[in-house]
Structure formats: structure tokens, C-alpha cells
2 protein chains.
Amino acid sequence: MRILLLEDAPALGEAVRDQVAEEGHAVDWMQTLGEARACLATTGYDLLLLDLWLPDGSGLELLKHCRRAGNTTPVIILTARDQISDRIAGLNAGADDYLVKPFDLSELSARIAAVARRYAGNPNPLVKVGELEVDLVSHSLSRAGHGVELTAREWALLEAFMQRPGALLSRTQLEDRLYAFGAEVESNTIEVHISRLRKKLGRDAIETVRGMGYRLGQA
Amino acid sequence: MRILLLEDAPALGEAVRDQVAEEGHAVDWMQTLGEARACLATTGYDLLLLDLWLPDGSGLELLKHCRRAGNTTPVIILTARDQISDRIAGLNAGADDYLVKPFDLSELSARIAAVARRYAGNPNPLVKVGELEVDLVSHSLSRAGHGVELTAREWALLEAFMQRPGALLSRTQLEDRLYAFGAEVESNTIEVHISRLRKKLGRDAIETVRGMGYRLGQA
DNA sequence: GCGATTCTGACAGCAGCCTGACATCGCGCC
DNA sequence: GGCGCGATGTCAGGCTGCTGTCAGAATCGC
């Protein structure tokens, strides 16, 4: 396959390039958005490996632009640390998979192989929290193997928790997350939504910290 | 097979010619409408590869002319990127498939192979979703074994869903997909098209996720 | 036991969605 | 050019069920 690698860190870029090349793929390694854009305009690729944070912009922009243009080339995102928010944004923008830095080169190989297979009908990547399996692409969710439907607000709540795993979120933080600026909410809306979420996810899925807020259970 | 390639850009034309020739097909590469017309008049082809924008006119004219004359030779259109209107016009004019520039030569090979298979009487690979069978190559579709005709917009919608199986697509994503940049759409066009698609595909084919978007049913 | 806090069932209002009807546009045909 | 037809965009009326609100019950900490 012909692969475009966009990664500004020299050490990592070189390592990835060598690894992938060794497996028989043709790799074009670019270090800036501009270069990558130029390559995309002139060459067809079978796979894109995108770092999100680059000196001249975000790889997300590149991805969105491609998708808007009808380009369906598979994309694997390389995110810094455990920025689930980045992953969510990436998958929403049309990425197929993601890898968290630092990653094992053999894991990268596995994902590349998986992407190749995906065209044979493999499922979307899943994020697991306890007995929950979250599919950020299809916005679907299963609990202990059984499908669960969420409403828009419930999904937004769950996303808020997933972006900062294990974090304690105050009611105010959650409100800021669910409602646009200025849209003040009175009463105990958040509590009600937490209650509804618990009914669907299981009572222990969300832990109450009295006087402080809520936390997504790690059980 | 004997293939007529009509493409005025020298670099691309040469690359395509070499690639296709390498796969054992006979290629006649022409750079103007006039030349191509002359070839068509004197030679029988198994496949036409048409660029739409040429120095002396539009490949569309050639295509329409052929179809009007009862010529059913398979046609693959090579469009500049983002020109969705061109694609729609091309398909309406009787093209069998299109490729968006820049495209991967291997993708071109795949499409040509698909044409060759059909030519040899073998069916294209079908994608099945529920009771639907979709042939993305020949742009044909059947529901529960019975053929279904879709309009251009309906195809574009269905394609968007098929390219990311199971994904939840927001109204905005779908709009980006159906309409070129800048062509702002007001009102509930997407909803209406979804409704029309459902009428043809069956009510359960497309699932509504209130407040978030739509998903192609997996049933 | 008592106050503070949180949970949850019930309900009404309305945002979001569906769909039939109509206007418009482009295209082919005569 | 005139005509007919199908595709597409727009709109409005009607319906569904999400969502915010409230109040009473339950729980917690002391």
C-alpha cells in the first residue's frame, strides 16, 4: 500500500517510516500540513497516518477537508497522550482508528493490517469503560454485550465523562458542557439526566460524590 | 480489453495509459474531443475513460452523443475534485462510474477490473445491508431481490452511509457530502431526501437518532 | 433524629422530525 | 420553441418523544 505519514516529531516519524517501509509499504513522510496537502493533491494514498498537532495547523482540518471532498481513504490518527477529546473529534471528523502516543510499533502494524481488512467488513473501534463498550463512530453503546440507546443529552453527558476518564465533574462543569453559553438552566436538570443515564447504564456506572459532583465509575 | 482514454493533462494521461497498458489492455490515448470522436467512429472499444473538461469541449457531450446513438460501452468519468455537479451530470448522461482526481492508480485498476468482470458476465461484488443489496460499481440496488431505482441525490446519500458502515451521520455531515462548498442549503432538504429514500428502501432502512443524525439500519 | 442533599416518577411544553403538496428548474422530445 | 416529465428544494401542518420542571421520597452525614 502507499501510505502518507504526517508527523512533525523527527524521531517518531523516522521510526514509523522505517517500520512501515519494512513491511513492504511505500511511505511518504511529511512534517507539515502544507507538504501533506501538496502530496494529497498529486498522489493517491491507501492510508493516511495523521498527527493532530503540527507546527502549521491541525491534522483535523486536513481530515475534514478530505472527507468533504469525498475522499474515503482510511485514516489512522496519532494522538498525543490520552486525549480522548482529540479521539472523539477525530472519529467524528471521519477517522477510522487512532493510536495513543507513545505506541508500540507492532501495534501500529496491527492497526494498519486491520484497516486493510476493514474493507472486508470489520467493525468500528470501541472504547471500553467497565462493562460498557462505546462506539464513537456509530454513536452506539452496549452494556454487557447488550445494545443501549441514548438520547442526545445523555450521549453528551457520557461524552463529557469519557473525555476525562476518572475525573470528578461538578454539576456546573456538566452544565457548561451540555448547554451553550448563556442558556441558563434552573432546577436539577443535571441530576435528572444522571438518573436517566444510570437507568440505562447501570446504577454503579456513575458515582455520586456528595457535595462535589459525579464521576464515571471505573468498575 | 480495448480502452479509449480521453485526458488532456499530459502527466495524468501518460500515467494512466502506462498503468492500464501494464495490465494487459490496449489503450488509445487521445487529448482532444475531436480525436476521440474520430477513434470512436472507426474503432470498437470495451471501455471509455473520459475527462470532462477538455480544450475543445466537454466529455459530457461525447458521452451523451454515444448514448443517444445506442452505444452502451461502459464509461468511467474522471472528474476534478469537488465537482459533484459534474458527477451527477455524468451519471445522468449514462456514465457507469466516476473517479475523483486525484485518484489512486490502483483504484482505477479496481474499477477497470470491475468493468472487465461485468464484461465477462460476472457480477460485481455486492454489499449487503439488511434486505438491501448494493452494487457500488454499477450503481444498482435491489431490495429483497427486487430492483430499485434511485435518483442522483438519493445515491449520494446512500453512498455516504455505505462508505462508513454503521456510522451515525449528522445532518451537517450529510449536507457537506451532498452539496459542494458554498452551495448553502436552507430548510429541511436532508430530511426530505431521507424520507424519499426510506420510501424506496423501506422504513427501517435508515434509523433516526433524534437530535444527532441518521444511521443506516443494520437489521 | 434532623437538615441537607440527592434521587426519581410524573407531566406538560415544545423542539425536532416526518411527509404530503406545491413551485421551480433542467432536460429530452416532438 | 413549446410541451411534458422527473428531480429537487421549500414550506406548513401534524405528530412523537425528548427535556426541563417540580414535588415527594430516599439517602447521607452528623
Side-chain angles (χ1 to χ4, degrees), chain A residues 139 148-158 160 168-172 174-175 177-180 182-215 217, chain B residues 58 60-61 63-70 84-95 139 148-158 168-172 174-175 177-180 182-215 217:
Chain A
H139 280 236
V148 177
E149 292 287 323
L150 294 188
T151 69
R153 282 274 132 85
E154 289 160 2
W155 188 264
L157 253 190
L158 182 60
L168 175 77
L169 298 178
S170 72
R171 218 155 310 201
T172 314
L174 292 172
E175 280 177 13
R177 184 60 206 246
L178 287 204
Y179 304 97
E184 286 314 304
V185 188
E186 323 228 328
S187 87
N188 60 345
T189 315
I190 296 295
E191 287 171 35
V192 174
H193 280 297
I194 291 282
S195 168
R196 286 169 182 159
L197 246 188
R198 283 210 257 243
K199 206 178 284 180
K200 295 185 178 180
L201 303 187
R203 183 151 314 248
D204 303 331
I206 298 169
E207 182 187 351
T208 302
V209 182
R210 220 179 157 77
M212 314 269 307
Y214 300 92
R215 183 189 298 145
Chain B
S58 164
L60 261 190
E61 290 314 312
L63 172 54
K64 285 183 193 168
H65 185 263
C66 283
R67 291 296 186 241
R68 217 172 292 155
I84 300 197
S85 56
D86 279 359
R87 295 191 222 168
I88 293 178
L91 292 173
N92 280 342
H139 282 243
V148 177
E149 294 287 322
L150 295 188
T151 70
R153 284 272 130 90
E154 288 161 2
W155 253 114
L157 254 190
L158 181 61
L168 181 128
L169 300 177
S170 72
R171 211 156 312 198
T172 314
L174 292 172
E175 280 176 13
R177 194 54 211 255
L178 286 202
Y179 305 96
E184 287 312 306
V185 188
E186 322 228 329
S187 87
N188 58 346
T189 315
I190 296 294
E191 287 170 35
V192 174
H193 280 297
I194 291 279
S195 171
R196 287 169 181 160
L197 245 188
R198 283 209 256 243
K199 210 176 279 180
K200 295 186 178 179
L201 303 186
R203 184 152 313 247
D204 302 332
I206 297 170
E207 184 186 352
T208 301
V209 183
R210 210 164 221 272
M212 306 207 282
Y214 298 93
R215 189 170 19 199

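Side chains are part of it too, since the values below use all heavy atoms of this structure and drop only hydrogens, waters and symmetry mates. Quick note on labels: first sequence line is chain A, next is B, and so on, each numbered from 1.
When the P atom of D:dC18 is taken as reference, atom CD of A:Glu154 falls 8 Å away, rounded to whole Å. Taking atom CD1 on B:Ile190 and atom P on D:dC11, their separation rounds to 16 Å, with Å as the unit. Between A:Glu175 atom CD and D:dG20 atom P the separation is 10 Å, expressed in whole Å. One atom, CD of B:Glu207, and another, P of C:dC17, lie 13 Å apart when rounded to the nearest Å. One atom, CG of A:Leu197, and another, C1' of D:dT19, lie 13 Å apart when rounded to the nearest Å. Note: CD (B:Glu149) to C1' (D:dG6) measures 13 Å, nearest angstrom. Separating the CD1 atom of B:Ile206 from the P atom of C:dC17 is a distance of 14 Å, rounded to the nearest angstrom.
Dashed line: the shortest gap from a side-chain N or O of A:Thr189 to OP1 or OP2 of D:dT21 is under 4.0 Å.
End-to-end axis angle for the helix from C:dG1-D:dC30 to C:dC30-D:dG1, using five pairs per end and rounding to 10°, comes out at 40°.
Using a 4.0 Å cut-off between charged side-chain N and carboxylate O, A:Arg171 and A:Glu191 make a salt bridge.
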Open item on the list: Please encode protein proximity along nucleotides 5-13 of chain C as a string of B, S and -, counting only heavy-atom distances under 4.0 Å.
Closed with: BSBBSB---
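A:Leu197 approaches A:Glu154 most closely through the heavy-atom pair CD1-O, 4.0 Å.
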